[in-house]
Amino acid sequence: MDHKNVVTRYAPSPTGFQHIGGIRTALFAYLWAKKNNGTFILRIEDTDKNREVEGAIQHTIDALGWLGIDYDFGPDKPSDEIGPFLQSDRLETYKQYAQKLIDKGLAYPDPYTADELTAFREAAQAEHRPFLYRDHRPTEFAEWDGTKPLRFKTPEIKRYTWQDAVRGELTAGEEALDDFIIIKADGYPTYNFAHIVDDLEMGVTHVMRGEEFISSTPKFLSLYDALDIPYPVFVTLPPIMGPDGKKKLSKRDGAKDLLEYNDDGYLPTAMWNFLALIGWNPGGEQELFPGDELMDAFSLEKIQKSGGAFNEEKLRWMNKEYIAQLSEAEQEAYVFDALPDLDKATLAKLVPTILERVHNKVEIKANAEAGEYAWAFADVDYDPTILKWKNDEQASDAAPRLQKAAELLSEANFDSPESIKGALWNYAEEVGRGELLWPLRVSLSGRERSPDPFTCAYVIGKKATLVRIEQAIEKLS
Ligand code: GLU
């Protein structure tokens with residue numbers, strides 16, 4: 001099926017950082033639009049100036065850019081026809097639609113003061129009934145001069161039933177319906193009103209968002225009806241749960257700034273793949289969807305109704321998989337970035353060894369801090385007893401083997417760990433692998449646990465290798 005005119009949007013409020021939840025919505029909306037050769041819009045819903053956080057818009061642009069979610073239109077990508085994409089730049093448009101409602105007798109200025117409203121609320125509370133504004137709806141509507149909130153006169157209090165592309169038939173009712181504010185006294189529209197006007201003006205065909213909007217949908221539907229607007233396709237995305245899939249995602253993970261994952265060394269490709277699988281289940285065993293594979297596989301039918309698990313272990317695993325797919329030069333740059341203070345020539349030789357055991361830059365840094373790579377960059381010192389191989393009587397039994405290894409290595413080609421291995425292997429087979437490789441490895445790395453001796457020798461180079469073997473033999477005498 002090819003919906004040529006699919007239009008989706010991501011519509012965050014600039015009230016903080018972009019986190020996993022929001023960006024997952026953006027990704028799904030993007031995938032659906034792009035899969036159908038449609039249009040994906042970034043719209044900033046900045047109608048609550050009190051909650052706005054400075055820098056949040058740029059942060060959103062940066063986060064989407066990092067992930068490669070390339071919107072067709074947005075605050076920094078204008079359009080002559082359907083922009084602007086900052087709601088605060090669209091106040092005139094909302095006024096026009098508000099006027100349409102006023103003309104139909106479906107909107108009126110709120111005549112009450114804050115104190116009067118409080119009194120109504122308290123009276124309702126005292127009588128144990130819900131406060132409904134519509135119980136106090138004025139019989140005659142004054143002219144709206146923009147200084148009072150404008151309310152929608154809900155035409156009909158009834159249950160609404162509608163279709164959701166993910167959840168099927170949904171229904172919610174009277175309790176959600178009241179004469180809600182559409183334009184505030186400060187001239188800004190409310191979300192309830194503005195998003196409907198914008199979705200219409202921008203031609204949005206599919207509205208993707210979280211389940212927290214289901215209960216308000218009767219309000220939206222009553223507005224669509226009042227404005228004679230056809231409903232878009234509602235696509236309710238499942239909530240994001242913690243790793244066990246049962247509890248909601250913890251505050252810490254849920255609120256984490258997406259770009260922190262970048263700092264921590266997560267690749268956008270891995271994050272993209274990981275996010276897509278939160279609440280979207282393609283079926284089958286495949287979990288890695290590199291490049292365009294994800295877009296090809298994506299469909300609304302496979303979006304889950306129930307919560308999708310956020311499992312950081314899986315993210316780590318995926319990241320390692322995607323790191324493995326990087327080119328050699330990219331892997332080198334990745335490690336250099338994690339350890340900017342270390343000698344680059346040596347570090348370059350250590351890259352495969354480092355990446356074999358880690359999932360991100362945080363782990364690389366932690367290993368470096370724990371001294372795991374120190375042998376590669378500085379002389380080693382250690383207690384000679386650790387040179388003892390388990391089959392040897394005493395540590396010094398290894399001295400003649402080390403002597404022979406030094407002879408072989410002084411003639412060896414140090415171009416790669418393999419060439420070094422080639423120079424030693426026959427001798428290792430002859431005297432016993434552990435008998436040679438254990439003390440050799442310890443003499444080069446100074447550690448009981450380290451990469452294999454061929455890698456160690458390659459990383460530190462021939463000169464240091466011969467010096468360290470010599471030092472080990474001295475320690476043993
Ligand atoms: N501004 C709303 C939010 O950030 C958007 C909801 C919607 O997509 O309609 O939650």
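Counting starts at 1 for both ligands and their atoms, in listed order. Below, all heavy atoms of this structure are taken into account, side chains as well, without hydrogens, waters or symmetry copies. Positions are given from 1, in the same order as the sequence printed here.
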Query raised in the report: Under the side-chain contact (heavy atoms from CB on, under 4.5 Å) criterion, do Asn281 and Ile303 qualify, and how do the steps go?
Result: CA-CA 6 Å; Asn281 187 343; Ile303 297 177; over 6 Å; no
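- In this pair, Phe234 and Tyr231 present their aromatic rings tilted. The plane angle is within the 30 to 60° band.
- With a 4.5 Å cut-off on side-chain heavy atoms, Thr113 and Thr118 do not count as touching.
- Inter-residue side-chain proximity for Ile82 and Phe85 is flagged as met; some heavy-atom pair is nearer than 4.5 Å.
- Side-chain N/O atoms of Thr171 and Arg159 include a donor and acceptor closer than 3.5 Å.
- Contact residues of ligand 1 (protein heavy atom closer than 4.0 angstrom to a ligand atom; sorted by chain and number): Arg9, Ala11, Pro12, Ser13, Glu45, Tyr191, Arg209, Phe213.
- Neither side chain, Asp179 nor His136, offers a donor N or O lying under 3.5 Å from an acceptor on the other.
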